[in-house]
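On a predicted model such as this, the values are computed, not experimentally measured, just so you know. Whatever order the structure lists them in is the order used to number ligands and atoms, beginning at 1.
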Amino acid sequence: MSEILRVKGLGGKKTLSGVIEVNGAKNAVLQALSFSVLFKDEFKIKNVPGIEDVKRMMTLLSEIGAEATVEKNKTYSIKFGKNIKTDIPEEISKKLRASIVLTGPILARFGEVSFPHPGGCVIGARPIDLFVDGFQKLGAEVLFKDGKYFMKVKDGKLHGATIFMKNQSVTGTQTLMAAAVLAKGKTVIKNAALEPETKHLADFLNKCGAKIKGAGTSTIEIIGTGLLSAKGKTYITPPDRIETGSFLILGALAADDLEIKNCDPSWIEALTENLITAGVKMQIGKNSIKIKGNGKINNSDFNSLNIKTHEYPGFPTDIQAPMVVFLTQTTGESFIFETIFEGRLNYAEELKRMGADIKVWDPHRATVKGPTPLRGRDVESPDIRAGLAFLLAAILADGESVIHNAYFIDRGYENIEERLRNIGVDIKRECLDVCSA
Ligand code: EPU
């Protein structure tokens, strides 16, 4: 099955208008689903986005023996019994990097776990040494054999430890934090990642009996408490800050009036501050961002910027590709320094074929000269965020574009074509060969 998105570009006109709502965050809900292993009772999650990665995680949970059900649109429930497979199946794990988050809670609850090196988007090396190191400090014995990790805890229970993360890793921090909830004694994670989803998740775990202090800061302390109990409490997935940012960039470039609703602007200040510096006018509310009368401002009136991706609260690597599309339309030379992943400028060649003037100096650095009009082209999505960037470029471009591998966009953005059509984008999904219903 191969699905494409066909987009008729606006040819640089800023005609989009209306309201677009932000869904629940992919990079909170995948973790919340994995944390269900920590619970002795049923655990419910609301505001779950209907994205491919969530479907994969639900399949994974079912395959290892959890009762993972979609109760109704956007509300999911998961329950773990005793008959759980601690071997994480290879097929899904290879397709879903977030499967690594599940290893911590499984190891902590069942005393063993085995899994292949996880896959996911091809955006860089994506090692797991920080996870392995952390698990060892918590008392796991690790064997790597035939491409697979086998981990075991001698007396069945992890013990608290002090772990210094050599790199700030988002899922590394979250996984070790979750494992420590079921460990004996106190764990301290130093140089922890600061992403707001970590605090959001920790706050919920605390409501269900965990003792986690300092989540969202660089030092997190966890006192092991044993299995958690939801007692009917529901985790409400927070708004996706990457989706919020992507829609905001689209609004700045292609909308006259656009309201981005159900978001938390305080989570994307690195983006809003940069866009404001470039000359984008916006009204930032508590849960919404409005762009008004933007059609009167030419994109060439926007100024170039220097962007350096950085761990939170710095500029998110996940918004880097959409931001480069913005920079193709600003006046002057912009500089991009991608500090997190070495494969996240791979989309530049395709954007150049659409008319962008980008020079990639090395895997981490590029310059973008603007403004350059973009032309519709056939392009292939290499990963979730680059796929979305191509979609933005296609909307701005003159003529028709076809985005192949729409599947990558579906991994992170629910029903994107319908939501974009509602604000005026001419977009449809087609199957190139036999598509399932
Ligand atoms: N790193 C190591 N060793 C490790 C783990 C990470 O050296 O054991 C390095 C990575 O190579 C990278 C840096 O640490 O250079 C940061 O990577 P991190 O571990 O923070 O990334 P991640 O946890 O695998 C999450 C998101 C990514 C997002 C990054 C950075 C989830 C499920 N994934 O990945 O999301 O790009 O944080 O913010 O939360 C996406 O949504 O498109 C996506 C890729």
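Ligand-side atoms of ligand 1 in range of R344: 36 (O), 40 (C), 42 (O), 43 (C), 44 (C), range being under 4.0 angstrom from any heavy atom. Near R385, the atoms of ligand 1 lying under 4.0 angstrom from a non-hydrogen atom of the residue are 40 (C), 41 (O), 42 (O). Close contacts between ligand 1 and Q168 involve ligand atoms 16 (C), 20 (O) [criterion: under 4.0 Å to a heavy atom]. Residue-ligand proximity, Q31 to ligand 1, at heavy-atom distances under 4.0 Å covers atoms 31 (C), 32 (C), 39 (O). Atoms of ligand 1 found under 4.0 Å from any heavy atom of L130, numbered from 1 in the order shown, are 2 (C), 3 (N), 4 (C), 5 (C), 8 (O).
We find that R344 and D318 are joined by a salt bridge, their nearest charged nitrogen and carboxylate oxygen being less than 4.0 Å apart. Electrostatic pairing of K428 and E418 does not count as a salt bridge here, judged by no charged N lying under 4.0 Å from a carboxylate O.
For ligand 1, none of its N or O atoms has an N or O atom of T317 under 3.5 Å away. Every N/O-N/O distance between A98 and ligand 1 stays at or above 3.5 Å. Between F341 and ligand 1, a contact under 3.5 Å exists for no N or O pair. Considering backbone and side-chain N/O atoms, E195 never comes within less than 3.5 Å of an N/O atom of ligand 1. Remark: ligand 1 and R97 share an N or O pair separated by less than 3.5 Å (distance only, no angle test). Polar contact with ligand 1: absent for I384 (N/O pair, distance under 3.5 Å). Between G172 and ligand 1, no pair of N/O atoms sits closer than 3.5 Å.
When only modelled atom types and interatomic distance are considered, T372 and D357 share no side-chain donor-acceptor pair under 3.5 Å.
The distance between the ring centers of F204 and F43 falls below 6.0 angstrom. Aromatic ring centres of F302 and F326: separated by under 6.0 Å.
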